[in-house]
Asks: 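The structure under discussion is supplied below as structure tokens; questions concerning it will follow.
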Amino acid sequence: MARKTIIAGNWKMNLLPVEGEEMVAELKERIAPRENLEVVICPQMALVPLALDWLYDSGIQLGAQNCAEKLAGAYTGETSAELLKVLGCHYCLVGHSERRSLYGETDESVGGKTQTLLNMSIIPIVCVGETLEQRESGAHFDTIGAQVTAVFNKVDPEAWTRLVFAYEPVWAIGTGKTATPAQANEIHRFIRERIKELAGEIVANATSILYGGSANASNAADLLGKSEIDGLLVGGASLKAMDFSQIIASFK
Ligand code: PEP
């Protein structure tokens, strides 16, 4: 089964309604829907219902940046996966390194949120990756291996082929330092091998693994050219239509 290529923009806590609307209007002028490529935009939560309108009939999919593990109830400030579904989200990021480091998300809670999203038929983009310290001490394979394993421990086997992963080395996020295409490809191959051990070859071959970490118009083509890299998760460079559309155009 051919893996889907996905280029997703993570707007993080940026862009007000006017700015988001302008960005999407310009993006729609710059890109045409392509059958072999899924483009996704993940705005901050309060923009999600507006973005559904902005993206109408564009072929660009809507994603969220986070959701609650619990289904509903007394969880002030949280957003349920069910609401995301009703609001039109096809995708949701899970376990972004900012959520793990700033908001205490663990491998287990990331696994739980992933299952919650799958129950709502939302595709989770599960972010994994090592810190600089972990890479320098040689702990990166163990760290990433544990992050991936925790997801498969929590997710029902029938949903395994609906998972998407994003390898995001923490030292490359928002720093301007990109993993080299070879470094990224090595980790993507490791993730796929781990998936194969946990879930078998069919699931491993079907799983899209995106790269994220200072991806931009200059490095996107080289990253996307690697055999194990099935797309990009883009932060800073997804905020401007010109930059994001150039990244999208570099997928051949
Ligand atoms: C991200 O936050 O997911 C990300 C990849 O950010 P940036 O592209 O800015 O490094």
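What you are looking at is a predicted structure, and each value in this text was computed from that prediction instead of being measured.
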Asks: What residue pairs, at least two apart or across chains, pass side-chain hydrogen bond (donor to acceptor under 3.5 Å, both in side chains) with a residue in residues 231-252?
Replies: none

Asks: So, the side chain of Tyr91 versus the backbone of Leu93: is there a donor-acceptor pair under 3.5 Å, distance only?
Replies: no

Asks: Between Glu105 and Arg99, does at least one N-O distance fall below 4.0 Å, as a salt bridge requires?
Replies: yes

Asks: Working note: Phe165 + Thr207, criterion side-chain contact (heavy atoms from CB on, under 4.5 Å); need CA distance, chi angles, decisive distance, verdict.
Replies: CA-CA 7 Å; Phe165 283 88; Thr207 305; 3.8 Å; yes

Asks: Treating Ile, Leu, Val, Met, Phe, Trp and Tyr as nodes and any side-chain heavy-atom pair under 4.5 angstrom as an edge, say whether Leu52 and Leu50 lie in one connected cluster.
Replies: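 Linked, Leu52 and Leu50 end up in one cluster.
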
Asks: With Glu158, which residues qualify under salt bridge (Lys or Arg N to Asp or Glu O under 4.0 Å), at least two apart?
Replies: Arg162

Asks: Using a 4.5 Å cut-off on heavy atoms from C-beta on, say whether the side chain of Asn66 contacts that of Lys113.
Replies: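 A side-chain contact exists here, since the closest heavy-atom pair is under 4.5 Å.
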
Asks: Taking His188 for its side chain and Glu228 for its backbone only, find out whether a donor-acceptor pair lies under 3.5 Å.
Replies: yes

Asks: Checking Glu29 side chain against Glu26 main chain: does a donor-acceptor pair fall under 3.5 Å?
Replies: no

Asks: Just by distance, do the side chain of Arg194 and the backbone of Thr149 share a donor-acceptor pair under 3.5 Å?
Replies: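 Side chain of Arg194 to backbone of Thr149, a donor-acceptor pair under 3.5 Å: no, none is there.
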
Asks: Please determine whether the number of non-hydrogen atoms from other residues, nucleotides or ligands lying under 6.0 Å from atom CD of Glu82 exceeds 12.
Replies: no

Asks: Main chain of Asn219, side chain of Asn216: is a donor-acceptor contact present, judged purely on distance under 3.5 Å?
Replies: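 Confirmed, Asn216 side chain pairs with Asn219 backbone.
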
Asks: Under 3.5 Å, is there a donor-acceptor pair between the side chain of Thr131 and the main chain of Val170?
Replies: no

Asks: Under the 3.5 angstrom rule, does the side chain of Glu108 hit a backbone N or O of Ala150 as a donor-acceptor pair?
Replies: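 Not a single qualifying donor-acceptor pair exists.
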
Asks: With a 4.5 Å heavy-atom cut-off, do Trp160 and Leu198 have their side chains touching?
Replies: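 Not touching, per the 4.5 Å side-chain cut-off.
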
Asks: Sequence neighbours left out, what passes side-chain hydrogen bond (donor to acceptor under 3.5 Å, both in side chains) with Lys85? Give chain and number order.
Replies: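 If we apply the side-chain hydrogen bond (donor to acceptor under 3.5 Å, both in side chains) test to Lys85, skipping adjacent residues, there are no hits.
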
Asks: May I ask you to decide if Gly176's main-chain N or O and Ser214's side chain share a donor-acceptor pair within less than 3.5 Å?
Replies: yes

Asks: So, do Ile123 and Leu117 sit near enough that their side-chain heavy atoms are less than 4.5 Å apart?
Replies: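 No; the side chains remain at least 4.5 Å from each other.
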
Asks: In terms of hydrophobic clusters joined by side-chain contacts under 4.5 Å, are Ile125 and Val203 together?
Replies: no

Asks: Does a side-chain heavy-atom distance below 4.5 Å link Ile144 with Val148?
Replies: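 The answer is yes, as the side chains (C-beta and beyond) meet within the 4.5 Å cut-off.
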
Asks: Does Arg30 form a side-chain contact (heavy atoms from CB on, under 4.5 Å) with Met242? I'd like the steps, not just the answer.
Replies: CA-CA 8 Å; Arg30 289 178 177 275; Met242 162 98 105; 3.6 Å; yes

Asks: Between CD1 of Ile209 and CD1 of Ile6, what distance do you get to the nearest 0.5 Å?
Replies: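 Going from the CD1 atom of Ile209 to the CD1 atom of Ile6 covers 11.0 Å.
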
Asks: Would you mind reporting whether Glu130 and Tyr167 have side-chain heavy atoms less than 4.5 Å apart?
Replies: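 Tyr167 reaches Glu130 side chain to side chain.
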
Asks: So which heavy atom on Asp156 is nearest to which on Gln115, and how close?
Replies: N-OE1, 2.7 Å

Asks: Which distance, rounded to the nearest 0.5 Å, do you find between the SG of Cys67 and the CD1 of Ile122?
Replies: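 Separation between the atoms: 7.0 Å.
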
Asks: Treating Ile, Leu, Val, Met, Phe, Trp and Tyr as nodes and any side-chain heavy-atom pair under 4.5 angstrom as an edge, say whether Val151 and Met120 lie in one connected cluster.
Replies: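 Linked within one cluster.
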
Asks: Looking at every non-hydrogen atom in both residues, tell me the closest pair between Val40 and Phe244 and how far apart they are.
Replies: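 The pair with the smallest heavy-atom distance is O-CZ, 4.1 Å.
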
Asks: So, does Arg192 use its side chain to make a donor-acceptor pair with the main chain of Ala204 at under 3.5 Å?
Replies: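 Between the backbone of Ala204 and the side chain of Arg192 there is a qualifying donor-acceptor contact (under 3.5 Å).
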
Asks: Taking only residues two or more places apart in sequence, or in another chain, which ones meet Lys12 in a salt bridge (Lys or Arg N to Asp or Glu O under 4.0 Å)?
Replies: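 Partners of Lys12 by the salt bridge (Lys or Arg N to Asp or Glu O under 4.0 Å) criterion, ordered by chain and then number, come out as Glu98.
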
Asks: Looking at residues at least two apart in the chain, or sitting in another chain, which of them share a salt bridge (Lys or Arg N to Asp or Glu O under 4.0 Å) with Glu201?
Replies: none

Asks: Drop me the distance from Cys127's SG to Glu168's CD, to the nearest 0.5 angstrom.
Replies: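 With rounding to 0.5 Å, SG (Cys127) is 4.5 Å from CD (Glu168).
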
Asks: Between the side chain of Arg100 and the main-chain N/O of Gly95, is any donor-acceptor distance below 3.5 Å?
Replies: yes

Asks: Does a sphere of radius 6.0 Å around CD in Glu133 hold more than 12 heavy atoms from other residues, nucleotides or ligands, not counting ones at 6.0 Å or beyond?
Replies: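 12 or below, so no.
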
Asks: Distance check, rounded to the nearest 0.5 Å: Thr161 atom OG1 versus Ile195 atom CD1?
Replies: 11.5 Å

Asks: Please name the pair of heavy atoms, one in Pro124 and one in Thr114, separated by the smallest distance, quoted to 0.1 Å.
Replies: CG-CG2, 3.6 Å

Asks: Would you kindly confirm whether Val94 and Ile41 end up in one hydrophobic cluster when ILVMFWY residues are joined by side chain heavy atoms under 4.5 Å apart?
Replies: yes

Asks: Any heavy-atom pair between the side chains of Asn185 and Leu223 that's under 4.5 Å?
Replies: no

Asks: Decide whether Gln134 and His140 meet the rule of one side-chain donor and one side-chain acceptor closer than 3.5 Å.
Replies: no

Asks: At what distance, to the nearest 0.5 angstrom, does OG1 of Thr5 lie from CD1 of Ile248?
Replies: 12.5 Å

Asks: Looking at Ile247 and Ala220, what are the two nearest heavy atoms and their distance?
Replies: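 Taking Ile247 first and Ala220 second, the nearest heavy atoms are CG2-CB, 3.9 Å.
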
Asks: Measure the shortest side-chain to side-chain distance between Leu232 and Phe251 over non-hydrogen atoms and say whether it is less than 4.5 angstrom.
Replies: no

Asks: Is there a path from Leu37 to Leu233 through hydrophobic residues (I, L, V, M, F, W, Y) whose side chains come within less than 4.5 Å of each other?
Replies: no

Asks: Could you tell me whether the side chain of Asn14 reaches within less than 4.5 Å of the side chain of Gln44, counting heavy atoms only?
Replies: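 When only atoms from C-beta onward are counted, Asn14 and Gln44 do not touch, as no gap falls below 4.5 Å.
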
Asks: Indicate the atoms forming the closest heavy-atom contact of Leu71 with Ser80, along with that distance.
Replies: O-CB, 3.3 Å

Asks: Which residues pass the salt bridge (Lys or Arg N to Asp or Glu O under 4.0 Å) test with Glu38, not counting sequence neighbours?
Replies: Lys4

Asks: Looking at CD of Glu21 and CG of Leu47, how far apart are the two atoms once the value is rounded to the nearest 0.5 Å?
Replies: 10.5 Å

